[in-house]
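What's counted below: heavy atoms across the whole structure, side chains too, no hydrogens, waters or symmetry copies.
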Amino acid sequence: MVQSLSPREEQNATPDVRQLEEENRRLKERLNSYSVIFERSLDAIVILNKNGEFVDVNEAACKLFEMDKFDLIGRSLFSFLELVPPDILLFQQSMLQKFGSFSDELLIKLPDGKVKHIEFSIKKDVFHEFDLVMMRDVSAHKALERERIIHEFLFRDVFNRAVDGIVIFDEFGRFIDVNPAFSMSLNLEKGKLLNLSFQQFVARECANEFARLLAEVKEKGTAKGELSLVRPDGTVKMFELTVTSNVYSGFYMAIMRDVTDRKNMEIKLQKSEERFRAIFEQAHEAILIWDDFGYILNANPAASRTFELPLNLLVRRNLLDFVEYGDEKVKRIFSEFRQKGEIRDELTFHMPNGEQKQLEFTMKKRAIDGYHLTIFRNVSGRRKIERELRESEQKFRSIFDHSMDGILLWDEQHRIIDANPIACGIFSAEKEALLGRKVGELLPDRARRQLNKLMDECQRAGEAIGEVEFSDETKERIIEFSLKKEVISGVGMMTFRDMTERKEMELQLRKSDTLNVVGELAASIAHEIRNPMTALKGFIQLLQGSIDGDYSMYFNVILKRIESIITEFLVLAKPHAVQYKQNDICKIMQDTIDLISAQAMMNNVQIIADFDRGLPPVYCELNQLKQVFINILKNAIEVMPKGGDITVRIARMGKNVRISITDQGGGIPKDKIKKLGEPFYTTKERGTGLGLMVSYKIIEEHQGKIDVESEVGVGTTFHITLPIERTEREDDDGD
């Protein structure tokens with residue numbers, strides 16, 4: 001029999017019903033407002049009733065449980081937790097009742113038997129009698145942890161101190177050895193365990209899994225899985241394990257991690273009035289809610305970080321303030337958004353601090369309470385890297401293709417993997433014909449031997465430089481090679497240029513400089529000739545006045561002086577063959593000083609010679625060195641128009657001889673010293689600059705060097721360093 005309410009009771013109940021209806025209406029409005037964020041969340045979101053049954057789930061939750069939404073709703077969460085020990089479930093429920101929210105990890109077993117390891121956060125009574133749970137699948141992360149742990153516990157001393165259980169067992173599952181951690185997990189002493197086997201502890205539902213693990217490890221050498229072991233007191237321990245075969249005398253090793261007890265249990269106390277507010281606040285992506293005019297109404301903390309503004313200032317701004325609204329792409333995006341209601345794209349956003357960020361975004365029209373929702377992701381770093389890679393490749397390709405030198409890239413077997421147009425021109429071959437060939441195959445035998453020596457040096461030192469001579473169909477060619485072992489991993493680079501014309505030009509310049517020196521010395525030589533001729537004339541006059549004496553001595557002096565001057569002149573003026581042999585460097589310098597002393601006296605210059613005694617002979621070309629000394633001494637005389645001293649010092653320095661020529665001229669500025677030796681660079685009004693250029697080249701061919709020290713207003717010193725013994729080079733060989 002149905003008991004009816006009295007009129008008074010009906011009157012009192014009416015406000016309660018209206019209140020419930022009003023509250024229900026508000027809840028529905030909130031639910032609709034945040035449905036978009038709820039569905040788009042990357043984490044699984046589940047709403048449970050007090051019985052642990054699914055009331056609502058998002059798409060991520062369906063993927064996590066691998067079930068349709070309609071199949072999940074109404075199902076109990078506990079149906080997926082059969083692998084979790086009851087005491088753990090009781091503990092977690094007590095924590096929820098005590099604190100109202102907490103975070104932990106769980107193992108869930110899907111209907112098809114698949115087991116997943118999840119992290120979860122739960123908050124009690126988010127909506128009256130409903131609990132909010134956020135879940136994330138961390139199975140892959142756990143698998144990586146297991147692989148890392150395998151390598152950390154291979155040694156015996158680690159075996160005894162390992163936190164994870166380590167078991168050595170035979171092909172029948174019998175325990176050969178166990179570590180203390182495993183003994184503690186099963187609550188049995190090691191001595192008792194060694195008389196037992198895995199099968200005596202494996203839970204009945206895991207028997208097939210254990211058989212599968214044994215079969216897989218026998219076949220593949222390794223296997224991974226999960227097992228539940230039942231302890232003597234009846235409690236169940238869940239292990240993640242990796243099994244490896246033949247670790248010791250044909251036995252198997254299992255490294256087992258006890259996942260029953262949670263290691264990193266952290267209780268996250270969060271106070272939230274709405275379940276979707278928690279999602280909004282904790283999202284890693286920037287989220288903006290804005291109206292039809294572009295004004296931002298709400299933003300999450302991630303948006304504050306992205307747009308470089310505090311939240312209270314960000315919500316006052318207009319979304320269009322951050323973009324170039326006049327840009328065609330911006331206009332197109334907003335036009336398409338108004339037409340379709342949603343859009344996914346990316347734009348450059350201008351931050352208040354002047355920074356520009358490339359943001360990828362998803363816009364949804366009227367997603368929340370009639371306002372628009374936009375979710376942003378900063379892709380500036382990724383786009384910058386992509387742009388730099390493209391620009392770097394374009395720059396390299398442009399330099400590679402347009403270089404004035406030939407460039408080859410070669411692999412570790414010295415096979416050509418790329419060649420620029422200049423390289424193809426030097427070897428007179430198409431690029432396709434060069435690729436895959438070894439570099440040495442492009443040269444004749446002698447040139448190949450020279451190049452192989454350079455490549456051997458490059459292999460040892462990482463780089464090498466040298467010249468290779470070879471003949472093609474038309475003429476002798478000289479190619480200068482520069483090798484670098486690894487410009488990038490596994491790739492070497494070879495640059496080279498045709499030096500044939502340059503070598504010919506240097507030879508012509510050297511000849512030209514010799515003529516220039518002879519011309520400049522002509523006046524002083526003529527002066528020296530006039531003096532003995534005048535003396536000869538006087539002697540003849542004396543002979544005419546008195547013929548009684550013996551005047552043959554005068555004739556000898558005259559003839560000897562004339563012969564000496566003419567001989568030196570002919571040595572410089574007439575081309576001669578280059579012939580290296582042992583020579584006294586002091587004698588060469590003294591002969592040069594004697595030759596140029598007349599010009600020095602005409603300019604009121606005194607040459608002071610300071611030679612060490614007992615200097616060994618130097619292997620050199622006499623006439624070339626004399627030409628160098630004349631060039632430098634003449635320059636020293638010409639920079640002292642008012643006269644002065646030139647000091648010439650020769651001393652031994654280890655395996656070398658050093659010649660230092662110091663003048664008292666005006667000196668050379670530092671920025672001009674480095675240009676000395678360049679063709680046609682000179683500080684003299686009528687100079688050609690060829691003298692020093694040829695001098696530098698001659699000393700270089702003698703395997704020596706020229707260093708210059710100078711101080712403006714004080715003077716300049718040319719240091720010429722020559723080896724006592726000349727080292728034979730490949731270039732010196734004659735075939």
Side-chain angles (χ1 to χ4, degrees), residues 63-66 80 82-84 105-119 137-186 188 190 193-231 236-260 263:
K63 291 181 180 179
L64 178 66
F65 288 92
E66 300 182 3
F80 298 94
E82 61 181 79
L83 300 180
V84 182
E105 297 179 0
L106 278 176
L107 286 174
I108 61 172
K109 184 176 181 182
L110 304 184
D112 61 355
K114 184 184 295 185
V115 177
K116 292 186 178 181
H117 202 129
I118 64 168
E119 291 179 348
D137 186 355
V138 294
S139 302
H141 174 70
K142 293 297 180 181
L144 290 175
E145 284 187 350
R146 290 195 300 273
E147 292 179 1
R148 176 180 58 82
I149 293 173
I150 290 173
H151 297 286
E152 295 178 350
F153 294 92
L154 295 177
F155 300 102
R156 188 67 187 180
D157 57 334
V158 180
F159 177 87
N160 291 321
R161 296 197 298 268
V163 176
D164 290 343
I166 303 177
V167 181
I168 308 296
F169 62 100
D170 63 14
E171 60 180 344
F172 303 105
R174 292 176 297 204
F175 297 137
I176 304 302
D177 199 1
V178 298
N179 71 338
F182 185 74
S183 299
M184 188 177 299
S185 296
L186 294 186
L188 279 176
K190 179 177 179 178
L193 280 171
L194 296 183
N195 297 320
L196 304 174
S197 66
F198 259 121
Q199 288 85 341
Q200 293 174 267
F201 295 92
V202 174
R204 182 178 302 174
E205 64 271 16
C206 295
N208 293 334
E209 173 65 7
F210 183 70
R212 183 195 67 79
L213 286 171
L214 284 180
E216 184 175 346
V217 75
K218 290 177 182 178
E219 178 183 355
K220 300 180 179 179
T222 183
K224 297 179 182 180
E226 297 181 355
L227 279 182
S228 295
L229 302 184
V230 182
R231 299 200 301 185
V236 178
K237 285 285 186 177
M238 183 69 189
F239 294 93
E240 294 175 346
L241 73 159
T242 299
V243 185
T244 306
S245 65
N246 298 322
V247 293
Y248 178 73
S249 299
F251 295 131
Y252 303 96
M253 180 178 71
I255 300 180
M256 310 182 67
R257 169 165 291 186
D258 186 351
V259 294
T260 307
K263 288 172 48 179

Run the side chain to side chain donor-acceptor pair (under 3.5 Å) test against Glu171 and tell me which residues pass, sequence neighbours left out.
none
Check Met238 against Leu107 and note the closest heavy-atom contact, atom names and distance.
CG-CD1, 3.4 Å
Are any of the side-chain heavy atoms of Leu194 and Ile176 separated by less than 4.5 Å?
no
Side-chain heavy atoms of Met253 within contact of Ile255, under 4.5 Å:
yes
Going by heavy atoms in the side chains, are Leu241 and Leu213 under 4.5 Å from each other?
yes
Indicate yes or no for a side-chain donor-acceptor contact from Ser139 to the backbone of His117 under 3.5 Å, with no hydrogens or angles considered.
yes
Distance check, rounded to the nearest 0.5 Å: Ile118 atom CD1 versus Ile108 atom CD1?
5.0 Å
Flag side-chain contact, heavy atom, 4.5 Å: Phe251 against Asp177:
no
Taking all non-hydrogen atoms of both residues, which atom of Cys206 and which atom of Ser228 are closest, and how far apart?
SG-N, 3.5 Å
Among all residues two or more places apart in sequence or in another chain, which pass the salt bridge (Lys or Arg N to Asp or Glu O under 4.0 Å) test with Lys114?
Glu66
Which atom pair, heavy atoms only, marks the closest approach of Ala181 to Val163?
CB-O, 3.2 Å
Distance (rounded to the nearest 0.5 Å) between Glu119 CD and Glu105 CD:
5.0 Å
Rounded distance [0.5 Å steps], CE in Met184 versus CG in Asp258:
11.0 Å
Over all atoms of both residues, closest heavy-atom pair of Phe182 and Ile166:
CB-N, 4.2 Å
Side-chain touch Glu82/Glu205, heavy atoms, less than 4.5 angstrom:
no
Residues in ring pair (Phe, Tyr, Trp, His ring centres under 6.0 Å) with Phe210, at least two apart?
Phe198
Salt bridge (charged side-chain N to carboxylate O under 4.0 Å, His left out) partners of residues 210-219, not counting sequence neighbours, each pair once:
Glu209-Arg212, Arg212-Glu216
Under the side-chain contact (heavy atoms from CB on, under 4.5 Å) rule, collect the residues that match up with Val217, sequence neighbours excluded.
Ala223, Val243, Ser245, Tyr252
Residues forming a side-chain contact (heavy atoms from CB on, under 4.5 Å) with Pro111, sequence neighbours excluded
Met67, Arg75, Phe80
Which atoms form the tightest heavy-atom contact between Leu188 and Leu196, and what is the distance?
CD1-CD1, 4.4 Å
What distance separates Leu193 CG from Gln200 CD, expressed to the nearest 0.5 Å?
10.0 Å
Of all the heavy-atom pairs spanning Val178 and Lys190, show the shortest one and how long it is.
O-CE, 3.4 Å
By side chain to side chain donor-acceptor pair (under 3.5 Å), which residues pair with Asp170, not counting sequence neighbours?
Arg174
Who pairs with Val230 by side-chain contact (heavy atoms from CB on, under 4.5 Å), at least two apart in sequence or on another chain?
Ala203, Val236
